[in-house]
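The figures here come from the full heavy-atom set of this structure, side chains too, leaving out hydrogens, waters and symmetry mates. Chain A is the first sequence line, chain B the second, and so forth, proteins listed ahead of strands; every chain is numbered from 1.
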2 protein chains.
Amino acid sequence: MVTIYDIAKKANVSAMTVSRVINNTGRISEKTRAKVKRVMDELGYVPNQMARSLVLQQTHLLFLLITDITNPFYTTLARGAEDAAQKHGFRLLFGNSDEKLAKERDYIDTILKTRADGVLVAPAGDASLPHLEALRKHGVPFVLLDREVPGVDSDIVLGDSKEGAHRLVKHLADMGHRHIALINGSLTASTARYRLEGYREALKLYDLEYAEENVLETSFEPRNDLTEIEHWLDRLRPEVTAIIAGNNVLAVEVIRTLSARGRRVPDDMSIACFDEWAAYAEIDPFLTVISQQAYQFGYLGMQLLIDRIRDGEAAGPWKKIVLPSQLIVRRSVRRLGAEG
Amino acid sequence: MVTIYDIAKKANVSAMTVSRVINNTGRISEKTRAKVKRVMDELGYVPNQMARSLVLQQTHLLFLLITDITNPFYTTLARGAEDAAQKHGFRLLFGNSDEKLAKERDYIDTILKTRADGVLVAPAGDASLPHLEALRKHGVPFVLLDREVPGVDSDIVLGDSKEGAHRLVKHLADMGHRHIALINGSLTASTARYRLEGYREALKLYDLEYAEENVLETSFEPRNDLTEIEHWLDRLRPEVTAIIAGNNVLAVEVIRTLSARGRRVPDDMSIACFDEWAAYAEIDPFLTVISQQAYQFGYLGMQLLIDRIRDGEAAGPWKKIVLPSQLIVRRSVRRLGAEG
DNA sequence: TACTTTAGAGTTATCGGTAACACAAATTGA
DNA sequence: TCAATTTGTGTTACCGATAACTCTAAAGTA
């Protein structure tokens, strides 16, 4: 590997002079600069970031940690974060925790070891607390995305999950559904808690029945084994005509499970959920959803992060951005007559 | 930031002893080890990866560079790569080039500067050549995914694009379509070239007409502005009843464009394409596709990469894995009667 | 008992850069 | 003309870790 010393030797200057050329610092004669540059090109020199970061104490690297790289919500968010990072001249790397704390811990570990300048985190859940505390302790600025973590104060970008759940229940009620079930992610995720809360409040508000067996707490990430969902569907009160899914992945899995046993959506069961299935939804408008501004989650979150990196304390008190969502009515909810 | 020297001082040992505890090397008495460990925990010590990599000359970091993080084909591939990396105890970071050479260059730059141990690359196109040459020159092992780059010899995992295009044309012909258009990615991507080639060969084979205006070469990544596609649809020979899209993104965009002007799929136009829309396709089986084993692209590619990192030259001659694809017939292609 | 081996440490040099300071030659100013 | 600047470049120390070597005391051996 070519080092600054190889360049120095070949160009008949000191290493420091080469360093000055690379960084465009200090005074250098045009002649020397040209000579050094030529040698650098000849030898195909690439600065060693490790050595550089070691002495500079900063890497100029940012990380984005998401919980499900196959979920369009997060990949759209990632594009937003990427665009904002690029706008400010930062490099962004992605990690995928798969909703698993162990994987998240590994990434946090990598991030700490790599001494990243900052991190955008969609946390796996409340148990992410120690991971975030580690970041804080080591002075790595971070911004939370999509989920709160009790005990952590930080900049954060959220959607209004409670309001969203409210709107979904209202829509289903408006469509004539009186018995509405909920399949949710783990309650260790704040989004799941708020969605459950919104669901229960709205049921009460619209005078709809709440039944424990109509609510399933499982996990947001895709699973191979659908038996848990199957069993839940079996236990469901027979009057149930509509299901709210805590996210897009759950909605898809419920529909798969239903259709595997010959039950069709929306004819035999209505479904509505949180989050879009990105571009695909446009060509085949099937799922009725609460659409969140995924791109903005990433874009605004990245801006908060960069502000925090640039200004530190001076960026002021923690900022909390709550992004509004939107109900998009499509075909997966059936209108029920008086008989429903 | 806590360093090895802080630990050493507090534990009343030398830095080297601490290093030995961290890495479990050399001889250390249980008493000393325990003492050092306790101090490390107390101070919340995290090794500085920069300093470590600098002296060890290896980072234990792997990169995956994909061209479109919002495309389920690549995110599924990413999950495969991740699983394989984890199985072998490597850390994996992601980058997204967005099909843009400049972004790809930046990532390659980051990768070189970071002195990654290896890279999995889905190249933006033939012009990625210098990027790959840079990796080669600096001794960073890499494996190509999905696309060949003329002039580059390396391990590679590919789909059989020509065969796929062939099968799509055959299917459409079998369904009664005689005039089939093709919207394709940039021919600077080998997949686009092979798909075009397969398309033309198959047209000839099944005695179908080829017309230049029925073929559009554009780009694989999503666009905001659909006018190019619009204009192309306008220029299309009126006899055209079916369109093959070079990938899933193009298919979605064609359908959007058509539907914006009130033309429906498959009633007014049939569509078939390469690549799935992951989970969503299962709940709403709409697009007829050539399905590629995205997960395997990543999983097998990562295995090739790790073999190469571990064994270097000893891993033998370059390996080329060609993964078979599968035609999945759904609703986006209409069967034409004699009148079609 | 005296010599060798081994366990359990510490010392020093180094990885590839950069900051801070030093210094000679060229230029400026009174 | 000579001191004061300025310009261009080199020297040294250090960032935080590890490899290779050294050293001492205890244990083993003939």
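- Looking at heavy-atom distances under 4.0 Å, B:Arg52 makes contact with sugar-phosphate atoms alone, never a base.
- Contact annotation: B:Gln57 does not reach the phosphate of D:dT18 (side-chain N/O to OP1 or OP2, under 4.0 Å).
- Rounded to an integer number of Å, the gap from OH of A:Tyr5 to C1' of C:dG16 is 6 Å.
- Residue A:Ser19 places none of its side-chain N or O atoms closer than 4.0 Å to OP1 or OP2 of C:dG17.
- Rounded to whole Å, the distance from CE on B:Met50 to P on D:dT18 is 15 Å.
- Side-chain atoms of A:Gln49 and B:Thr114 include no donor-acceptor pair closer than 3.5 Å.
- For the pair B:Leu56 CG and D:dG16 C1', the computed distance is 12 Å after rounding to whole Å.
- Closest contact between the side chain of A:Ser29 and the listed nucleotides C:dC15, D:dG8, D:dC15 involves D:dG8.
- Each of B:Ser14 and B:Arg115 has a nearest nucleotide on DNA chain C; the 5'-most of these lies closest to B:Ser14.
- At a cut-off of 3.5 Å, with distance as the only test, no side-chain donor of B:Thr25 or B:Asn23 sits close to an acceptor on the other residue.
- Aromatic ring centres of B:Tyr74 and B:Phe297 lie farther apart than the 6.0 Å criterion allows.
- When the P atom of C:dC15 is taken as reference, atom NZ of B:Lys113 falls 22 Å away, rounded to whole Å.
- Side chain to side chain, A:Ser128 and A:Glu104 meet the donor-acceptor criterion of an N or O pair below 3.5 Å.
- Between the side chains of A:Tyr45 and A:Lys37, not a single donor N or O lies within less than 3.5 Å of an accepting N or O.
- The phosphate of C:dT18 (OP1 or OP2) has a side-chain N or O of A:Asn23 nearer than 4.0 angstrom.
- Between A:Met16 and B:Ala51, the residue whose closest nucleotide on DNA chain C is further toward the 5' end is B:Ala51.
- As judged by a 4.0 angstrom heavy-atom cut-off over every strand, B:Gln49 is placed among residues making no nucleic acid contact.
- For A:Arg27, the listed nucleotide lying nearest its side chain is D:dT9; candidates were D:dT9, D:dA17, C:dG17.
- Comment: B:Asp155 engages B:Arg308 in a salt bridge, judged by a side-chain N to carboxylate O separation of less than 4.0 angstrom.
- Between the CD1 atom of B:Ile28 and the C1' atom of C:dG8 there is a distance of 8 Å, rounded to whole Å.
- Closest to the B:Pro47 side chain, of the nucleotides C:dG16, D:dA17, D:dG10, is D:dA17.
- Taking atom CG of B:Asn24 as the reference point, atom C1' of D:dT18 lies 15 Å away to the nearest angstrom.
- Nucleic acid contact for A:Thr32: sugar-phosphate only, since backbone atoms but no base atoms lie under 4.0 Å from a heavy atom of the residue.
- If you check distances only, the side chain of A:Arg20 does reach the base of D:dG10 with a donor-acceptor pair under 3.5 Å.
- Here the C1' atom of nucleotide D:dC15 and the CG atom of B:Asp6 are 13 Å apart, to the nearest Å.
- Rounded to a whole Å, the CD1 atom of B:Ile22 is 10 Å from the C1' atom of D:dT18.
- Among the protein residues, A:Val13 comes within range of the sugar-phosphate backbone only, with heavy atoms under 4.0 Å from sugar or phosphate atoms but none that close to a base.
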